[in-house]
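Have a look at the structure below before the remarks.
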Amino acid sequence: MSIFIDGNTSLVVQGITGRDGSFHTRQMIEYGTKVVAGVTPGKGGQVFDESVPVFDTVAEAVEKTGASASAIYVPAAFASSAIFEAADAGVDLIVCITEGVPVGDMMTALPYVREKGARLIGPNCPGLIAPGIGKIGILPGQIVTPGPVGIVSRSGTLTYEVIFQLTRHGIGQSTCIGIGGDPLIGTDFVDCLRAFEEDPSTGAVAMIGEIGGTDEQVAAEFVRDHMSKPVVGFIAGQTAPPGRRMGHAGAIISGSEGTAAEKMSAFRECDIAVAERPADLVGLIESRL
Amino acid sequence: MSIFIDGNTSLVVQGITGRDGSFHTRQMIEYGTKVVAGVTPGKGGQVFDESVPVFDTVAEAVEKTGASASAIYVPAAFASSAIFEAADAGVDLIVCITEGVPVGDMMTALPYVREKGARLIGPNCPGLIAPGIGKIGILPGQIVTPGPVGIVSRSGTLTYEVIFQLTRHGIGQSTCIGIGGDPLIGTDFVDCLRAFEEDPSTGAVAMIGEIGGTDEQVAAEFVRDHMSKPVVGFIAGQTAPPGRRMGHAGAIISGSEGTAAEKMSAFRECDIAVAERPADLVGLIESRL
Amino acid sequence: MNIHEYQAREILRAHGVPVPPGEVATTPEEAERIAAGYGGMVVVKAQVHAGGRGKAGGVKLADDAADAREKADAILGLEIKGLTVEKVLVAPAEDIATEAYLGIVMDRGSQSDVIMVSSEGGIDIEEVAATHPEAIRKLAVDARYGLLPHQASALAYALYSDAKLARQAARIISQLYEAYRAAGCTLAEINPLISTPAGEVKAIDAKMNIDDNALFRLPNVEAMRDEAAEDPAERKAREAGLSYIQLDGDVGCCVNGAGLAMATMDLVKYYGGEPANFLDIGGSSNPDKVVTAFEIMTSDTKVKSILFNIFGGITRCDDVANGIVEATRRIVVELPIAIRLTGTNEELAVDILKENGFEAMTDMDEVVKRAVAMAAGTSS
Amino acid sequence: MNIHEYQAREILRAHGVPVPPGEVATTPEEAERIAAGYGGMVVVKAQVHAGGRGKAGGVKLADDAADAREKADAILGLEIKGLTVEKVLVAPAEDIATEAYLGIVMDRGSQSDVIMVSSEGGIDIEEVAATHPEAIRKLAVDARYGLLPHQASALAYALYSDAKLARQAARIISQLYEAYRAAGCTLAEINPLISTPAGEVKAIDAKMNIDDNALFRLPNVEAMRDEAAEDPAERKAREAGLSYIQLDGDVGCCVNGAGLAMATMDLVKYYGGEPANFLDIGGSSNPDKVVTAFEIMTSDTKVKSILFNIFGGITRCDDVANGIVEATRRIVVELPIAIRLTGTNEELAVDILKENGFEAMTDMDEVVKRAVAMAAGTSS
C-alpha cells in the first residue's frame, strides 16, 4: 500500500516533450508508472516514444485517456498555468516539479486547486514514489525498496540520502514524498502525516524539515494530538544565518522565526525523536518499528 | 409568517446618513423594522435620529449590535463594495436598493456573497416587506396588508400597483419581494418560489416578470416540477421593441430571446395562469385561494 | 451604449490586438485620400449602430482610390435600419486564408462572461447557435480568476490546429477579454478573426456594447458616444436623467418606474391604441423633469394624447400633481392630457389637478382607455 | 532581492502613493547641492540593505545644506551590519503630527498576503508584535478578489478616526497593495506612514523585498538590483546559476541540493568544524559550474579545505566525477579537497577520482570529518 498514488494511478505528463519531461517520463515508465498521456500545446497528435499519445490540452488528454494524475515539468513562467489547467481538467493529483514559480502565482493557484477538489504536491518538489508500485516526479527509483517507513520531506537530495541509508540498512519505505521547498505549497506535512497515519502499510514516519516558516511546528502538534504511529524527525539548517534564502525559496529565517532550534524543540516537545545527523535517523526508525 | 425576514430580523443600514438612506430608515422604523445600526464611514460615533448608532464599518456595526441583515442605500459607484462589506461582516441577508451598479462589479460580488453564505436581494430592487412584521427597502408600507399571497417581481412601482389592487380587494400578502431589474441579481424567481412553497403562511403566489433573460422560463419549470401552491403571472413589455433597454438594465430583448410572448407561453405551458392586464391578477388570485 | 467599429478597433489596438490599419472618412474625398495613402484595394465600411451592414450595401470593396471615393459616395447617406450612415471606415483589403468568430458576452444565466469561438467566421453567430450549436465552443469565465491562460489556449486550439496560429489566437483571446473588462463591455466581438496566407491572425471587424452603468468611471469610453447617431429626443431624455425610447404610436406615455411604464404601454395596446414611447420619469416629482418629459413627448409629431400614470408609493401624489401643474405653467402643451395618480395622498392630488383643469383619475385601466380615446379623436 | 528605500519610493510613487521628494547622493557635495535645492531642514538617510539604520547612525537630520554635507560625509562610508554605505537619500524634513506603520507580507501560514497596520509607527513591527500584538490590526487578502475597498477602509479607520485622514490612508493602502503585487513583492512596508499637521497622509520610509522567482517577468524591477551592494562572490554565483551564501568558517562546502547542502554545513559544525559557505550546484555535472564553484570557494581566503558532497539520484556520479576532474584541469586549486559521491554509478566515480589523485569517499559523515580535519591542519 501507499499514500496518494497506487497501482491504478494513471498519469498525464505536462511538458512531456521538454528536456526534463521526456527524461523523467521514461524513468517513470521504467519504474512501472502508468503514463497514459502527455501534453505539449501544438504537439497534439504526436506519440511520445511510440507509446504515449500527446495532446494540446490536459482536458483533451483526460477526456481521451482518463488520466487521474498529472506531473508538471514546464518552465517556471508557465507552471502555475499548468496547475490551473490540470485542476480544471479534473485530475485528482497534481505533482508540480518545476522550481522557481513566483509565489504570487501560487496565491491564486492554491485556492483554485482546492475549489476543484484536487491535491497539489509542490511546486519545487521531487514528487513521490511508492516503492514497487510507481512514482510521479524525479525521485530515483533505484534507491528505494518496499517497506514500512513513510518519508515526508521539504528537500530533494537530502531525502534521497535518508532513503538510501535506510535502504542500505534493510529498512524499506511505504511512500516517500517531497512536499517542496517553496513558501507556498499544495500539500504540507500535516496532510502527509494524516495520510500515513491512515495507511495500513506505514508503520513509522520520518519527517525531514528545514529552516523557514512554521510548518514543522504545526506538524509536531498534529503528531502529538492525532498520531498513534511513531514519528522521527530531522531539521536541516542549524548553521544557516538569519535573513538569507538558503537555496530553497522557503528556507529562510525571518526575524527570529523559523530557526532549526525552534523546530527541533517543537519536535521534542511533541515526542518526536530528533536526529542530530541524517545518519541517526536510521537507528531512531529501527528502534521504533 | 413570511420569507427571508421575520420579527427577529435586526437591520444595519449602509448609507444611513444619505438622502435616501435617512428617509427610508425612518420609513422602515415607522413600519416596525428593528433598525439597530447605521454605517457611514467617517460618521462612526454619531447617533441617527437620536436612536440608531452609526459606525464606520459594517463589521463594527454587526459586532456591536448583532445585526442580521443589511440594507444598502449608497451611490452606484460604491454599491458592490457595500455588498462585499456586508457579506464579509457576516449578515445573513443583504438588500441592495441601489440602481445603476455596473454589471462587471456584480460578477465578483455574487460569488463572494455565495461563499460567505449570505443571501443578496437586488441590486436595483425595492426590497421586501412582510406585512405587519417589517420591511427592508423602499416598498411603501401603507399599501400592504397581511394575508396569504406571496408576491415576487422584477419591478418596483408595477409591484406596488398589483399589491395596491389586491389590498383594495381585501386580499392580503404574506411577503412581497422585488428581486430587481438588473441582469445579474442575487436572488431570483426560483429562490423566492422555493421559499414561498415552504412558507406555511403563503397560499398562492403572484409572479411579475418582464422582458429580458430567461429567469421567468426557468421559474415556470420550477413551478411545474416543484410547487404545490397555485402561481399566477404577469409579464410586462409585450409592446417593447427588441434590442432596446427598457429602463431596467435587464429589460432588453436580445436577438429573439427574452420576449414577453415567450415568457407568457412558458407560463401557460407550466400551468401558471397569465394575466393580460395587471388588474386581472386580482381575479386570478382570488379564484385560486 | 453602442460604439462604432472604428472605435472598437481603437480599444482593441490599445490592448495589443493586431488590428490592421484603417481610418474614418465623412466625405467621399476623404475616403479617396485615405485609400490613396494605403494604395491597392481597400474596404469601405459604413459606421452605423446597426447589424446587417453587409446585406444593406454598407460594406464594399474598392479597387483603388478613385473607386473608394465612388464606394464611399454610395455608402455615405445610406439608410440602414432607419439610421443614416455619416461615416465610413476605409481600410486596406486583407488576404484571407480562414475566417473565424470570437466573441464575449455577459451571460445572465450563468452569471458570468462567456467567451465563444467558432471556426465558422464572418457569419451571424446567433444563426450558427440556432442551426448547428456544436460549431461553437463556449467558456464561462470565473471572474474571480479572470480568463486563465490555459483556457485561452484551449479555445485557440479549437480554432486552429496549427500551433503558430493558435498561439496568436490565444493571445488575442486574452487581450479581447482584457479589453472587454476594461471598457465595461457587455458584448465584444471580432467577426471575422482572420488568418492570412502568411500565417498571421488579425481582427478584421470589431463590435462592442458598453454597460451604461459602467460609463461613469470610463470617461474615455463615454467620450466615444456618437451623439449624432443618437435620436435627438432620446439624447435629451438621457441628459435629463429620464429613460425614453421612441416608438411608432400616438399615445405619449409618462410613467414612474420601468415595469409600470412597460405595463402601461401594453395596456394602451390592449385597449386598441398604440404607445408613442417608453418614458420612465423615476421617483422624482421635480417640475424640471416633468417639463422635459412634456417637451420630449410633444416634439414627437405623431403623438396625439399624453398619458400620465403615476403610482405614489414613496413619491407623494400631491407633489407630482404640483409638478405637473408647475410644468404646464412653464410650457404650453396643446395636446389632450389624461392623468392618473394613485397611492399616497391621491385625493389631494386629484383635487389639485381638477382645480387646474386637468382630467384626473385614480384607476390605471380607466386612464389608459381615456388616453387611447383622446388619441383616436373619439373623445373631447 | 532587496531594493533600496529610494527605489521603493519610486515604485510607490508610480502607483500614486504620496511620497515626499528626495534624491540620492553618492558624495557629500552632491548631498549639499540637493539639500540646497530643497532649502530648509533635510533628512540624510543611508541607502543600505540592512535594518536598524537609525541606531547605527545612518539617519541624520540636517539644518541646512552645509550641515547636510557634513551629515552625508559622516554617513557615506559607514559600515552597517557589515555593509558599506555608498549612497544617501536626501529629502526635505517633514512636519509630523502622527506616525503609523503599514506593511504587507507574504504569510506562509495563511497562504495569503497579510496587511498589517499599527498606529504605533516608526518602530520595529516585530517588537510590537512580540510585546503588544493587540496594537497591530491584520488582514489576510484573498488573492482571488484582491484587496477589497471596504477592507482598505476598515484598516484605515483602525489608524485614523478622522475621516479625511482615513480616506487618504485607505487609498494609500490600496496603492501599496497594487505596488506590492505589481513589483512581485514578498514584503512592502511604509514605516512610518505619517500625517502632517495640515492633515496630509504621506509615506516617509519605504522598504520592499522582491520574490527572486518573479524577477524574470519584471525587467524594470530587476534593473534596480544594486550589484555594488552585493557580495562579489554571491553575485558571481548568481550569474552562474549557483546558489551561494558566504559564512565565517573555513570548510568550503559544495553540495547538490539545498537541503543536503544545509545538512552538510550542519554536519561540519557537528564534527567541530565551521562551514565557510552554503553552495548548491544543483543537479548539473557541467564542468563550467564546477569551475565556478571552485573559483568562488577559493576566492574566500578563510577557506582551508574544500568538501564536495554529491548525492547521485538522477545525476550520475561518474558524470560529476568527470566534471570535477575536468574543472581541476582548467584551474589550479591549491587547497585540500575531500569528495564524496554516492548513488548512481558511485563505484565508477570513485575510481575516476582516485585515478586523478583525489580523496574519494562514499559516506557523508566520513567525508565531513575528513574535510574538517583538513581545515584544522590535523590531516595531511
Side-chain angles (χ1 to χ4, degrees), chain B residues 23-24 27 76-77 99-108 110-112 126 138-140 142-143 153-161 164-165 181-184 208 210-215 218 234 236-241 244-251 254-256 260 276-279, chain C residues 51 105-109 111-113 126 129-130 141-144 180-181 184-187 211-217 243 245 247-249 255-270 274-275 278-280 282-283 309-315 342-344 363-365:
Chain B
F23 176 80
H24 289 291
Q27 297 268 321
E99 185 181 353
V101 182
V103 73
D105 291 7
M106 293 309 299
M107 281 286 177
T108 49
L110 289 174
Y112 193 82
I138 62 173
L139 278 145
Q142 68 274 20
I143 61 170
S153 170
R154 277 169 66 187
S155 175
T157 47
L158 175 57
T159 317
Y160 309 166
E161 176 81 40
F164 193 55
Q165 296 204 15
D182 275 3
L184 297 189
I208 302 160
E210 60 189 33
I211 55 162
T214 56
D215 201 16
V218 173
F234 175 79
Q238 299 175 51
T239 50
R244 303 304 305 269
R245 172 174 141 164
M246 304 301 280
H248 288 160
S254 306
S256 59
E276 292 287 319
R277 308 173 302 152
Chain C
V105 64
M106 187 269 294
D107 181 61
R108 300 160 69 136
Q111 298 197 324
S112 61
D113 295 311
E126 284 207 19
V141 179
D142 184 336
R144 299 172 305 160
Y180 173 97
R181 293 283 296 176
C185 293
T186 53
L187 178 142
D211 176 14
D212 289 353
N213 289 346
L215 288 172
F216 73 88
R217 65 162 79 112
S243 187
I245 289 164
L247 302 170
D248 292 327
V255 188
N256 69 328
L260 190 59
M262 283 189 276
T264 305
M265 287 159 50
D266 295 350
L267 208 57
V268 167
K269 179 91 173 179
Y270 180 86
E274 287 291 341
F278 168 93
L279 200 171
D280 173 10
N309 184 15
I310 304 296
F311 191 96
I314 304 306
T315 314
T342 310
T344 315
D363 183 83
M364 178 165 163
D365 286 72

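On a predicted model such as this, the values are computed, not experimentally measured, just so you know. All heavy atoms count here, side chains included; hydrogens, waters and symmetry mates do not. Below, chains carry the letters A, B, ... as their sequence lines are ordered, and counting in each starts from 1.
Only the side chain of B:Gln142 comes within contact range of chain C, with at least one heavy atom under 4.5 Å from a heavy atom of that chain. Only the backbone of B:Val101 has a heavy atom closer than 4.5 Å to any heavy atom of chain C. For B:Asp215, no part sits under 4.5 Å from any heavy atom of chain C, backbone or side chain. Residue C:Gln111 touches chain B through both its backbone and its side chain, counting heavy-atom pairs closer than 4.5 Å. With a 4.5 Å cut-off on non-hydrogen atoms, C:Arg108 touches chain B through its backbone and its side chain both. Using a 4.5 Å cut-off between heavy atoms, B:Pro278 contacts chain C through its side chain alone, with no backbone atom that close. In this structure, chain C has no heavy atom under 4.5 Å from any part of B:Ala260.
Between B:Glu276 and B:Phe234, the shortest heavy-atom distance links the atoms O-CE1, 3.5 Å.
In this structure, a donor-acceptor pair under 3.5 Å is present between the side chains of C:Asp266 and B:Thr239.
Checked by atom type and distance alone, the side chain of B:Tyr112 never pairs as donor or acceptor with a backbone atom of C:Arg144 at under 3.5 Å.
When the candidates C:Leu215, C:Asp212, C:Val255 are compared by the number of heavy-atom contacts under 4.5 Å with chain B, C:Asp212 comes out ahead. With respect to chain B, the highest number of heavy-atom pairs below 4.5 Å among C:Ala258, C:Gly109, C:Gly257 belongs to C:Ala258. Contact count against chain C (heavy-atom pairs under 4.5 Å) is highest for B:Arg245 among B:Glu99, B:Met106, B:Glu210, B:Arg245. Of the listed residues (C:Thr264, C:Ile245, C:Asp280), the one with the most heavy-atom contacts under 4.5 Å to chain B is C:Ile245.
Remark: C:Asp365 engages B:Arg277, B:Ala279, C:Leu267, C:Tyr271, C:Asp363 in a side-chain contact (heavy atoms from CB on, under 4.5 Å) (not counting sequence neighbours).
Expressed to the nearest 0.5 Å, how far OG1 of B:Thr159 lies from CG of B:Leu139 amounts to 7.0 Å. Taken to the nearest 0.5 Å, the CG atom of C:Leu260 stands 7.0 Å off from the OG atom of B:Ser155.
Residues C:Asp113 and C:Arg181 are paired through a salt bridge, judged by an N-O separation under 4.0 Å between the basic side chain and the carboxylate.
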Task: side chain to side chain contact (heavy atoms under 4.5 Å, CB included) evaluation trace for C:Asn256 with B:Tyr160 - done: CA-CA 11 Å; C:Asn256 69 328; B:Tyr160 309 166; over 6 Å; no

